[in-house]
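One structure is given here, and the rest of the page talks about it.
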Amino acid sequence: QVQLVESGGGLVQAGGSLRLSCAASGRTISTYTMAWFRQAPGKEREFVASINRSGASTYNADSVKGRFTLSRDNAKNTVYLQMNSLKPEDTAVYYCAAGLFGRTIVASYENWGQGTQVTVSS
């Protein structure tokens, strides 16, 4: 098991930027696909972005393409989500996830953080 702790959330105006971090402990993340999901009030948790083990390949949801960038530093056991051009509809709790065979669905990730709130005001 790997423990994940997210940080970097907060309140930002539309058009602004935030950088989320996910610090892992317990095991190296180098063997995991890492991802971010988000969940808005009253909605299901949805996929945001994922990155493969080496960091060479990323995949973004259509809703965040061109605005969000996911990266990882395996030496620091940390992943980062750079969020630019934020919109009010990006408001949600953002969760970091690690999966040995992670894809775009929640069930493919075995390890989850507690989440960090991102609020974008209009």
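Note that the numbering runs from 1 along the sequence shown for the chain.
A pairwise comparison of heavy atoms in N52 and A56 identifies OD1-N, 3.0 Å as the closest pair. The minimum heavy-atom distance linking S25 with V2 is given by the pair O-CG2, 3.3 Å. In terms of heavy atoms, G99 sits closest to Y109 at N-CD2, 3.4 Å. Closest approach of A14 to P88, counting heavy atoms only: CB-CD, 4.1 Å. Minimum interatomic distance between T91 and A40 (heavy atoms only, all atoms of both residues): O-CB, 3.7 Å.
Put simply, F37 and V64 are part of two different groups of oily side chains (I, L, V, M, F, W, Y) that touch within less than 4.5 Å, one to the next. In the hydrophobic clustering of this structure, V48 does not group with W112; members are Ile, Leu, Val, Met, Phe, Trp, Tyr whose side-chain heavy atoms approach within less than 4.5 Å, directly or through other members.
Residues Y80 and D73 meet the side-chain proximity criterion, which asks for heavy atoms closer than 4.5 Å. Inter-residue side-chain proximity for C96 and V79 is flagged as met; some heavy-atom pair is nearer than 4.5 Å. Looking at Q1 and N111, their side chains come closer than 4.5 Å, going by heavy atoms from C-beta outward. Counting heavy atoms from C-beta on, the side chains of V93 and T116 never come closer than 4.5 Å. Residues D90 and R67 form a side-chain contact, since some pair of their non-hydrogen atoms from C-beta on lies under 4.5 Å apart. Here the side chains of Y59 and L70 are not in contact, with every heavy-atom distance at 4.5 Å or above. Taking the side chain as every heavy atom from C-beta outward, E110 and Y32 approach each other to under 4.5 Å. Contact of the M34 side chain with the L4 side chain is registered, since non-hydrogen atoms from C-beta on lie closer than 4.5 Å.
Under the 3.5 Å distance criterion, the side-chain polar atoms of T78 are matched with a main-chain donor or acceptor of K76. Distance alone, capped at 3.5 Å, is enough to place a donor-acceptor pair between the R53 side chain and the L100 backbone.
R38 forms no cation-pi arrangement with Y95, by the criterion of a distance under 6.0 Å to the ring centre and an angle within 45° of the ring axis.
Rounded to the nearest 0.5 Å, atoms OG (S7) and CD (Q114) are 13.5 Å apart. Atom CD of residue E6 and atom CD of residue Q117 lie 12.0 Å apart, to the nearest 0.5 angstrom. To the nearest 0.5 Å, atom CG of residue N77 and atom CD1 of residue I29 are 5.0 Å apart. Taken to the nearest 0.5 Å, the OG atom of S122 stands 9.5 Å off from the CD atom of Q13. The OG atom of S57 lies 8.0 Å from the CD1 atom of I51; values are rounded to the nearest 0.5 Å.
Under the side chain to side chain contact (heavy atoms under 4.5 Å, CB included) rule, M83 has a single partner from V118, V12, T69, which is V118. For the side chain to side chain contact (heavy atoms under 4.5 Å, CB included) with F68, the lone residue among L81, L18, N84 that qualifies is L81.
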Should W36 and F47 be marked as a ring pair (Phe, Tyr, Trp, His ring centres under 6.0 Å) after you check the CA-CA gap, both sets of side-chain angles, and the distance that decides it? CA-CA 7 Å; W36 287 89; F47 173 81; over 10 Å; no
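Within 6.0 Å of atom CD in Q82, more than 12 heavy atoms from other residues, nucleotides or ligands are found, so the atom counts as buried in its surroundings.
Among residues two or more places apart in sequence or in another chain, the salt bridge (Lys or Arg N to Asp or Glu O under 4.0 Å) test is passed with R72 by none.
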